[in-house]
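To start, the structure itself, in structure tokens.
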Amino acid sequence: MEKINIRKLASILNISVATVSKAMRDSHEISESTKKKVWEAARKYNYTPNPYASSLRRKKSKTIAVILPEVADNFFSLAINGIQAVAEAKGYHVLIYLTHESFELEKTFVEDCCSGRVDGLLISITSETQTPDHIVKLQKENIPIVFFDREFEQITAPKVVTNDYDCGYQSAKLLVQRGCKNIRFLSISESLPICTKRAQGFLDAMAGTDKNRREEEAIYYCDGNNEQTREQITKLLSGKPKVDGIVASVERLAIQVYLACQELKIKIPKNLRVIAFSTVETAPILNPSLSTVTQPAFDIGKSAAEILFTLMAGKDYGYNKKPVMIPSHIIERDSTK
């Protein structure tokens with residue numbers, strides 16, 4: 001007779017897989033009559049427990065998962081390098097999941113991590129993520145989690161971030177110092193902490209410079225694909241009064257600003273000054289070179305991985321109490337001069 005698996009055996013007995021598993025481990029949670037029924041069926045249907053599967057959660061998979069919104073952004077490519085450097089030194093594999101900014105995909109990937117295939121998780125949430133239930137469920141499975149760059153503030157867990165508010169503030173101040181009068185902050189999300197903190201820094205820096213402008217006009221949301229984003233930015237730059245300064249909250253928005261300016265024949269920085277949160281290596285060779293808030297992406301990924309391995313070793317140095325802050329810095333180039 002061909003062997004069956006535990007799911008088939010549970011289906012035959014009309015009980016859950018968990019009940020079958022506990023019965024075969026002689027758990028005190030299961031009645032003697034149910035244990036007897038399970039063992040008799042196991043013998044009858046030639047079911048043999050898999051010793052590895054039954055102890056999977058007690059074994060080390062030697063794999064960590066990394067959930068990212070994208071890799072087109074140079075920040076995440078560099079962060080992966082930092083993570084990989086730590087994982088390789090520890091003899092671990094890195095399993096990378098790309099959500100493409102989809103909350104549904106993020107939930108699916110987090111649930112996949114619950115299966116025991118990974119020993120820990122590093123996550124940077126999507127721009128759509130507003131509820132933490134899927135992550136809380138993973139925490140209940142005692143799988144260590146560390147947020148990096150994009151955090152979920154309401155969850156108690158280690159976080160590795162940068163000084164987003166300060167950089168949003170300093171970016172706006174730079175444009176004001178360069179003579180800009182009508183500045184906009186381009187954002188991809190109304191709820192993502194990195195965007196809200198950068199936007200708040202921007203708004204606080206702009207307070208008093210233009211009392212007639214409403215806050216909802218100062219923040220301009222671009223949450224579509226690249227083509228839709230370019231259309232939105234083209235519409236913004238074609239309007240009146242003319243926008244003369246842009247702070248782009250993420251790298252890809254800056255690229256679309258450059259393309260829109262090329263289409264509209266707007267000269268940077270003569271007609272429009274631009275600064276972006278970006279780690280793109282081509283920033284110095286763009287025409288004109290792009291002023292950036294340069295984030296320590298490699299160090300953020302490396303630090304997050306080091307904290308994760310500390311947690312996986314059963315140690316806790318108070319990382320849950322306060323986020324680890326690794327500062328970014330502004331590099332001014334031709335796009336704001």
Given side-chain contact (heavy atoms from CB on, under 4.5 Å), test V110 with I123 step by step and report yes or no. CA-CA 9 Å; V110 170; I123 182 169; 4.2 Å; yes
Side-chain donor/acceptor of [X] to backbone N/O of [Y], under 3.5 Å:
| X | Y | answer |
| --- | --- | --- |
| S187 | Y221 | no |
| Y258 | P288 | yes |
| D244 | K181 | yes |
| T126 | E128 | yes |
| R198 | S249 | yes |
| T279 | F75 | yes |

Assess whether salt bridge (charged side-chain N to carboxylate O under 4.0 Å, His left out) is satisfied between R43 and E40, documenting all intermediate values. CA-CA 5 Å; R43 285 191 290 270; E40 287 177 350; 5.1 Å; no
Are any of the side-chain heavy atoms of [X] and [Y] separated by less than 4.5 Å?
| X | Y | result |
| --- | --- | --- |
| S171 | I330 | yes |
| Y319 | T310 | yes |
| S303 | F148 | no |
| H134 | T129 | yes |
| I64 | V94 | yes |
| V280 | I255 | no |
| Q228 | D223 | no |
| V38 | I15 | yes |

Tell me the closest heavy-atom pair linking [X] and [Y], and the distance in Å.
| X | Y | answer |
| --- | --- | --- |
| A283 | T292 | CB-CG2, 3.9 Å |
| D149 | I300 | N-CG2, 4.3 Å |
| L311 | I145 | CD1-O, 4.3 Å |
| L98 | F109 | O-CE1, 3.2 Å |
| V243 | L272 | O-CD1, 3.5 Å |
| N5 | Y47 | C-CE1, 3.7 Å |

Quick one: do [X] and [Y] end up in the same hydrophobic cluster if we chain Ile, Leu, Val, Met, Phe, Trp and Tyr together by side-chain heavy atoms under 4.5 Å apart?
| X | Y | answer |
| --- | --- | --- |
| L186 | L264 | yes |
| F298 | I96 | no |
| Y45 | V20 | yes |
| I194 | Y220 | yes |
| V324 | M312 | yes |

Measuring from [X]:[atom1] to [Y]:[atom2], what's the distance to the nearest 0.5 Å?
| X | Y | atom1 | atom2 | answer |
| --- | --- | --- | --- | --- |
| T108 | F103 | OG1 | CZ | 10.0 Å |
| K197 | E151 | NZ | CD | 4.0 Å |
| S77 | N81 | OG | CG | 7.5 Å |
| L95 | T63 | CG | OG1 | 7.0 Å |
| I135 | E111 | CD1 | CD | 11.5 Å |
| K315 | I307 | NZ | CD1 | 14.0 Å |

Apply side chain to side chain contact (heavy atoms under 4.5 Å, CB included) to [X] and list each qualifying residue two or more places apart in sequence or on a separate chain.
| X | result |
| --- | --- |
| K337 | E332, D334 |
| E231 | E227 |
| K322 | none |
| T229 | C222, Q232, I233, R252, L253, Q256 |

Quick one: list whatever passes side-chain hydrogen bond (donor to acceptor under 3.5 Å, both in side chains) with [X], sequence neighbours left out.
| X | value |
| --- | --- |
| D299 | none |
| E29 | K22 |
| E88 | Q84 |

Which residue in the set I246, N287, V274 passes side-chain contact (heavy atoms from CB on, under 4.5 Å) when paired with I268?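 The passing option is V274.
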Counting neighbours of NZ on K8 that are heavy atoms of other residues, nucleotides or ligands and sit closer than 6.0 Å, is the number greater than 12? no
Tell me if the NZ atom of K137 is crowded by more than 12 foreign heavy atoms within 6.0 Å. no
Verify side-chain contact (heavy atoms from CB on, under 4.5 Å) between V247 and F277, making sure each step is shown before the conclusion. CA-CA 8 Å; V247 178; F277 285 77; 4.2 Å; yes
Tell me which pairs pass side chain to side chain donor-acceptor pair (under 3.5 Å) where either residue lies in residues 91-104, with sequence neighbours left out. Y92-D119, Y97-D112, E101-S127, E101-R150, E104-K107
Distance-only check: which donor-acceptor pairs under 3.5 Å involve side-chain atoms of residues 234-242, not counting sequence neighbours?
unit_1: T234; atom_1: OG1; unit_2: R230; atom_2: O; d: 2.7
unit_1: S238; atom_1: OG; unit_2: T234; atom_2: O; d: 2.6

Listed once per pair and sorted, the salt bridge (charged side-chain N to carboxylate O under 4.0 Å, His left out) pairs that draw on residues 265-290, sequence neighbours left out: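 For residues 265-290: none.
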Do the rings of F202 and F185 sit parallel, tilted or perpendicular, given the 30° and 60° boundaries? tilted
Would you list the atom pairs, donor with acceptor, under 3.5 Å between side chains in residues 154-162 and any protein atom, with sequence neighbours excluded?
unit_1: K159; atom_1: NZ; unit_2: I155; atom_2: O; d: 2.6
unit_1: K159; atom_1: NZ; unit_2: A157; atom_2: O; d: 3.3
unit_1: T162; atom_1: OG1; unit_2: I326; atom_2: O; d: 2.7
unit_1: T162; atom_1: OG1; unit_2: S328; atom_2: N; d: 3.1
unit_1: T162; atom_1: OG1; unit_2: S328; atom_2: OG; d: 2.6

Chi angles and distances behind the side-chain contact (heavy atoms from CB on, under 4.5 Å) call for D204, Q200: CA-CA 6 Å; D204 289 350; Q200 191 57 56; 2.9 Å; yes
Does E306 have any salt bridge (charged side-chain N to carboxylate O under 4.0 Å, His left out) partners at least two apart in sequence or in another chain, and if so, which?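 Result, salt bridge (charged side-chain N to carboxylate O under 4.0 Å, His left out) vs E306: K302.
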